[in-house]
Amino acid sequence: MLSDEEKEEINAAAAAYPVRQAAAIDALRIVQRRRGWVPDEAIAGVSEFLKMPAAELDGVASFYNLIFRRPVGRHVILVCDSVSCWLMKSDRLLERMSGILGVETGQTTADGRFTLLPSVCLGACDRAPVMMIDEDLHTDLDGENIDKILERYE
Amino acid sequence: METPLTANIRPGREPLDIAAYRKNGGYRAVQKALRSMAPEEVTGAVKDANLKGRGGAGFDAGQKWSLVPMGGNAHRPKYLVVNADEMEPGSFKDRLLMEGDPHQLIEGAILAAYAIQADAAFIFLRWEYRLAAGLLKQAIAGAYRSGFLGRNVLGSGYSLELNLHISGGRYMCGEETGMLNAIEGRRANPRSKPPYPQASGLWGKPTVVNNVETICNIPHIVNNGAGWFRGLSRTGEGGTKIYGASGRVRSPGAWELPMGTTLREILEEHAGGMQAGYRLRGLLPGGASTDFLTPAHLDVKMDFGSVETAGSRLGTGTVIVLDNRSCPVGMVLNLERFFARESCGWCTPCWGGLQFVAQLLTGIEAGQGRMEDIGLLERLAGMLAPGHTYCALAPGAAEPLASALRFFRDDFERHIREKRCPWRDA
């Protein structure tokens with residue numbers, strides 16, 4: 001249920017901790033990086049590999065918002081909706097993004113290209129409003145520059 | 001004016017690598033401490049420096065360390081955790097320190113770990129700080145190669161393993177005991193205190209959790225002494241502070257200034273005052289979970305004691321500015337929705353109370369509020385106050401709510417009277 005590469009990577013992460021379960025979050029991310037999300041069979045595989053109950057691991061997986069228990073698009077957009085960005089009109093930005101992509105927050109575009117998610121403060125408040133697409137931070141967003149940014153993600 | 005924390009930081013350029021960092025005096029404090037200071041002397045220097053924890057609570061760092069059991073009978077292994085989970089809305093100071101000078105953090109972590117005789121340390125970093133993650137990984141590897149980490153550091157007999165833990169997300173991870181659960185691979189629910197982490201933390205072993213900025217101060221205290229450190233400040237609380245400002249100011253940003261710099265100086269001189277066409281209505285002095293202050297408070301000195309006397313908290317020291325063209329009710333709604341969403345669900349007053357608060361505020365902002373909702377919100381703020389929950393999330397949520405009901409009461413009443421948001425239609 002886990003590939004050999006996944007097992008190897010999880011073992012490497014587990015070496016940092018005295019208890020195997022501590023690698024649970026690392027393990028879920030390792031699976032997610034390879035598969036895009038964390039399906040049920042991966043929960044079963046990781047729980048067996050880390051010797052922890054599957055129900056507890058699922059509780060962990062569903063607690064952390066950057067672990068996806070449902071499939072997401074090829075690119076995940078995190079739009080900051082916390083207070084500093086709100087003061088810089090992030091609600092309009094989110095509406096505009098929603099309009100361009102044709103999805104509400106929490107949804108994935110029909111072509112599977114983008115998943116649009118709201119996010120806690122991204123810690124770049126001096127450059128608000130901001131968002132992340134995959135691992136990239138985009139700052140000082142306005143109505144003009146969104147389309148150009150989205151074009152970069154196929 | 002000395003700015004030790006940001007001396008190596010060159011905006012827009014890559015941070016110093018280990019060779020350049022050492023050329024600028026880096027890792028000298030580790031050499032000094034491990035070769036000529038007992039662990040208790042390092043703790044003593046930090047105590048004398050009067051370094052208040054920079055994560056927001058302002059607990060004395062040296063005192064925190066001195067609660068760790070020392071000597072042969074202490075439980076082992078002991079742990080140091082660096083809280084690099086900067087998620088308090090409006091805060092972006094730790095990002096600056098980690099992206100700007102990662103080795104300063106590593107050096108501080110080694111010193112803090114040595115002071116409490118930790119066997120292992122974790123840097124708990126939020127996933128979103130991708131740039132910092134890469135830089136820290138590289139810096140840790142460099143420190144291992146140079147013998148500042150690993151077995152028998154610099155031949156001193158002291159050994160330390162340092163690992164980077166990347167978070168899976170959630171505001172709760174920044175809470176001290178929630179963070180311990182997260183590292184252990186559990187849900188980040190809070191733990192009951194006592195026992196405090198210094199006695200029973202990670203896997204039940206003695207553990208200290210310190211914020212990034214707190215840790216970054218340690219090398220400078222070890223190098224230059226407690227007296228020098230206290231002299232950096234304009235008040236009794238030692239050191240400099242990374243202050244910041246966001247919102248409709250002319251030049252949002254973060255600056256290292258003497259501890260105790262006034263709000264006026266931060267907002268007018270460093271942030272450049274308000275943008276044209278905007279007036280200052282109020283502010284949160286240090287993140288989402290601090291009480292509102294008003295323009296009448298601009299001469300308050302930004303240290304933990306002075307801001308508390310003024311009725312709020314220094315928190316993270318990154319100021320969030322409310323302007324006259326943004327709705328105060330809308331801002332409080334944004335804050336409370338955030339807290340309601342991020343509540344971990346462990347304590348009933350928190351998850352239940354915050355949902356109710358968010359619901360009432362949504363109604364008021366939409367023009368469907370009733371006058372009695374204001375009294376209800378005040379009662380709920382009291383229910384969220386300290387003493388009713390395991391951690392500080394709910395009390396933090398109560399602070400901007402209760403203070404907004406005091407300072408912006410007319411605005412709440414106007415929404416209810418006029419059955420609309422006056423800012424929405426403006």
Side-chain angles (χ1 to χ4, degrees), chain A residues 13-29 32 38 46 50 52 56-68 78 80-91 117-132 134-137 139-140, chain B residues 77 86-95 120 122 126-131 161 163-173 182-189 202-203 205 244-248 251-254 284 287-288 318 320-323 326 330-331 334-335 337-338 341-342 344 400:
Chain A
Y17 313 101
V19 174
R20 240 174 126 64
Q21 169 173 349
I25 294 156
D26 303 271
L28 292 167
R29 204 195 335 270
Q32 182 168 293
V38 180
V46 169
L50 293 181
M52 68 188 283
E56 189 180 356
L57 181 66
D58 200 13
V60 170
S62 56
F63 185 90
Y64 296 95
N65 64 296
L66 297 171
I67 303 293
F68 306 130
L78 301 173
C80 174
D81 66 355
S82 286
V83 64
S84 296
C85 282
W86 179 83
L87 286 161
M88 303 303 281
K89 302 284 173 221
S90 62
D91 46 354
L117 298 174
S119 169
V120 172
C121 181
L122 292 169
C125 319
D126 51 341
R127 293 168 280 171
V130 304
M131 66 176 172
M132 285 183 82
D134 301 335
E135 303 211 355
D136 310 326
L137 178 67
T139 63
D140 301 301
Chain B
E86 187 164 65
M87 287 187 92
E88 180 67 22
S91 306
F92 49 98
K93 65 183 183 72
D94 296 337
R95 178 197 280 273
F122 293 97
R126 63 179 302 186
W127 176 87
E128 294 91 334
Y129 282 11
R130 302 313 303 150
L131 179 57
E161 298 298 330
N163 279 292
L164 183 65
H165 176 99
I166 308 283
S167 176
R170 283 306 277 279
Y171 178 64
M172 256 311 289
C173 295
I183 294 174
E184 291 184 12
R186 306 171 195 278
R187 293 166 76 94
N189 296 128
L202 274 179
W203 299 287
K205 302 291 195 237
S246 65
R248 296 279 176 192
S251 320
L284 300 171
T318 40
I320 305 166
V321 172
L322 169 64
D323 60 83
S326 297
M331 178 166 169
N334 174 279
L335 293 166
R337 262 190 192 148
F338 158 79
R341 186 175 73 192
E342 292 304 318
C344 75

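Remember, predicted model here, so these are calculated numbers, not experimental data. Values below: all heavy atoms of this structure, side chains included; hydrogens, waters and symmetry mates excluded.
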Pick from [options] with the largest number of heavy-atom pairs that fall under 4.5 Å of chain B:
options                              : value
A:Cys85, A:Gly123, A:Ala128, A:Ser82 : A:Gly123
A:Leu137, A:Ile25, A:Val83, A:Val60  : A:Val83
A:Ala24, A:Gly59, A:Ala23            : A:Gly59

Original post:
Pick from B:Ala288, B:Ala245, B:Gly253, B:Gly185: which one has the most heavy-atom pairs with chain A under 4.5 Å?
Top reply: B:Gly185

Original post:
So which of B:Gly168, B:Pro77, B:Pro252, B:Ser246 has the largest heavy-atom pair count under 4.5 angstrom toward chain A?
Top reply: B:Gly168

What part of [X] gets closer than 4.5 Å to chain B, counting heavy atoms only: side chain, backbone, both or neither?
X        : result
A:Arg20  : neither
A:Ala124 : both
A:Leu50  : neither
A:Gln32  : neither
A:Met132 : side chain

Original post:
Are B:Phe92 and A:Cys121 side-chain neighbours, meaning at least one heavy-atom pair lies under 4.5 Å?
Top reply: no

Subject >> Close side-chain approach of A:Trp86 to B:Leu335, heavy-atom, < 4.5 Å >> reply: no

Original post:
Only one of B:Arg170, B:Met87, B:Arg337 clears side chain to side chain contact (heavy atoms under 4.5 Å, CB included) with B:Glu342; which?
Top reply: B:Arg170

Quick check on [X] against chain A: is it the side chain, the backbone, both or neither that has a heavy atom closer than 4.5 Å?
X        : answer
B:Glu184 : backbone
B:Arg95  : side chain
B:Arg248 : both
B:Ala120 : neither

Original post:
Do you know which two heavy atoms are closest between A:Leu78 and A:Ser119, and how far apart they sit?
Top reply: CB-CB, 3.8 Å

[X] side, atom [atom1]; [Y] side, atom [atom2] - distance, nearest 0.5 Å:
X        : Y        : atom1 : atom2 : value
B:Asn334 : A:Ser90  : CG    : OG    : 7.0 Å
B:Leu284 : B:Ser91  : CG    : OG    : 10.0 Å
B:Ile183 : B:Cys173 : CD1   : SG    : 9.5 Å

Original post:
With no hydrogens and no angle check, do the side chains of A:Asp26 and A:Tyr17 hold a donor and an acceptor under 3.5 Å apart?
Top reply: yes

Subject >> B:Arg126/B:Asp94 ion pair, N-O < 4.0 Å >> reply: no

